[in-house]
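Step one of this worksheet: look at the structure below.
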Amino acid sequence: ANSLSQLRKLEKAAGNWLLRCLPHKYSLPKWVYAADGFAVRSKDIRCILDERFMLAYKAAERLNAEAWPGGVPDVRWRAHVCCWAAHNGLRLEGDFVECGVFAGIFSLTVMNYLDFNATGRHFHLFDTFDGLPVSELPESEQSMARDINKALYFDCFELAQRNFSGFKHAHLVKGILPGSLDSASIDKIAYLSMDLNSASAEEATIERLWPKLVRGGMVVIDDYAFPGHTAQYDMWNRFAAKSGRLILTVPTGQGILVK
């Protein structure tokens, strides 16, 4: 409700400014996309209406229905960003990795979109599959982690196993990161998605995975520019700065880091 109120205020402010610049016969165009905390108008959004993408997203959405009793949130644009970065990974050597999976809305969209079985690649999917490991987190992160667990997470391992059963090279790794990395054999990484809802966990994990990410590979940071995730934003910026890199902030709230 608060984000919707803010959106309406921004719309009014932007609209008032634009209308003052336009002749009276014109009016503002309607929103062409409004979901997931942001809205767009006067833009070509065929990227998320494309038949190939929509078939991939709808298939993932159907499989995720049990994980979201109130309805799977409309995260199409975030899924599109993941597909774009993963498609780039097909030009590179290495496996695909997602840290923070839940029931797989993003990774399933990517795998369907890329026809992953035909690529011969391996996709390593790391999660507790039972929410955030509160006791393993710093005290400063525990309260938020409890809230997230209460609102969203449950033991979804069997559901995730079912969802990915159609992909012969999908490897679900159940455990707490970064320690669970020891359970997988990964030499090179072409695509990496990070969504652990924890600055400390993401920092410890990227420190181990960054050396394996090949040149030109992308990291999609899901929580990067979301409210309440300032610690992650600051941590990722410090990490990127160490190698002279700058993270691209996407209106979806994601961050894109290119090696």
Side-chain angles (χ1 to χ4, degrees), residues 36 48 52-68 72-90 92 94-132 152-175 177 180-181 183-184 186 188-197 201-202 205-206 209 212-213 217-224 250 252-257:
D36 201 20
I48 60 170
R52 175 184 169 191
F53 172 77
M54 284 303 299
L55 286 172
Y57 182 79
K58 288 296 183 182
E61 188 179 49
R62 285 193 297 273
L63 289 171
N64 270 259
E66 287 182 43
W68 301 90
V72 179
D74 184 351
V75 290
R76 280 177 292 162
W77 210 301
R78 273 195 271 173
H80 160 66
V81 171
C82 292
C83 288
W84 166 78
H87 186 270
N88 171 76
L90 289 180
L92 308 171
D95 294 343
F96 288 45
V97 176
E98 184 171 80
C99 298
V101 181
F102 191 37
I105 186 66
F106 295 131
S107 41
L108 284 168
T109 302
V110 165
M111 296 178 88
N112 284 310
Y113 183 76
L114 298 182
D115 188 12
F116 205 77
N117 281 337
T119 68
R121 302 293 184 102
H122 292 263
F123 209 135
H124 305 274
L125 301 145
F126 295 89
D127 206 311
T128 66
F129 296 99
D130 194 18
L132 303 178
L152 297 176
Y153 296 134
F154 60 94
D155 185 347
C156 65
F157 190 56
E158 289 187 4
L159 175 59
Q161 287 179 310
R162 183 207 70 183
N163 285 355
F164 288 98
S165 62
F167 296 99
K168 57 188 177 183
H169 293 313
H171 310 291
L172 276 64
V173 183
K174 182 176 173 61
L177 287 163
S180 58
L181 294 173
S183 302
I186 303 172
K188 296 178 180 179
I189 299 173
Y191 164 78
L192 174 60
S193 171
M194 295 288 289
D195 185 13
L196 300 180
N197 295 287
E202 290 185 354
T205 302
I206 192 59
L209 292 181
K212 297 177 183 289
L213 186 69
M218 297 182 184
V219 185
V220 179
I221 310 162
D222 188 67
D223 302 316
Y224 179 68
V250 188
T252 58
Q254 295 157 300
I256 309 294
L257 176 58

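Side chains included, hydrogens not; waters and symmetry mates left out as well; all remaining heavy atoms used.
To the nearest 0.5 angstrom, His169 atom NE2 is 4.5 Å from His122 atom NE2.
For the salt bridge (Lys or Arg N to Asp or Glu O under 4.0 Å) test, residues two or more places apart in sequence or in another chain that qualify with Arg78 are Asp36, Asp222. A search for side chain to side chain donor-acceptor pair (under 3.5 Å) contacts involving Tyr113 returns nothing, not counting sequence neighbours. Partners of Asp130 by salt bridge (Lys or Arg N to Asp or Glu O under 4.0 Å), not counting sequence neighbours: none found. Residues that satisfy the side chain to side chain donor-acceptor pair (under 3.5 Å) test with Glu98, not counting sequence neighbours, are Ser107. Partners of Ala170 under the side-chain contact (heavy atoms from CB on, under 4.5 Å) rule, at least two apart in sequence or in another chain, are Met111, Leu125, Phe164, Phe167. Here Ala103 pairs with Asn64, Ala67, Leu159, Asn163 under the side-chain contact (heavy atoms from CB on, under 4.5 Å) rule; sequence neighbours left out. Taking Lys174 as the reference, nothing meets the side chain to side chain donor-acceptor pair (under 3.5 Å) condition, with sequence neighbours excluded. Annotation: ring pair (Phe, Tyr, Trp, His ring centres under 6.0 Å) contacts of His87 (sequence neighbours excluded): none. Residues satisfying the side-chain contact (heavy atoms from CB on, under 4.5 Å) criterion with Ala60, sequence neighbours excluded, are Ile105, Leu108, Thr109. For Trp84, the side-chain contact (heavy atoms from CB on, under 4.5 Å) test picks out Met218, Ile256, with sequence neighbours left out.
Judged as a salt bridge (charged side-chain N to carboxylate O under 4.0 Å, His left out), the pairs with a partner in residues 52-62 (not counting sequence neighbours) are, in order, Lys58-Glu61. Screening residues 159-172 for salt bridge (charged side-chain N to carboxylate O under 4.0 Å, His left out), with sequence neighbours left out, gives Glu66-Arg162.
Among Phe157, Phe129, Phe154, the single residue meeting the ring pair (Phe, Tyr, Trp, His ring centres under 6.0 Å) criterion with Phe102 is Phe154.
Across Ala190 and Leu213, no two heavy atoms sit closer than the pair C-CD1, 4.4 Å. Across every non-hydrogen atom of Phe96 and Arg121, the tightest pair is CE1-NH1, 3.6 Å. The two residues Val173 and Ser180 make their nearest non-hydrogen contact at CG1-O, 3.7 Å.
Side-chain atoms of Leu192 and Ile206, non-hydrogen and from C-beta on, do get closer than 4.5 Å to each other. Counting only heavy atoms from C-beta outward, the side chains of Phe106 and Val220 never approach each other to under 4.5 Å.
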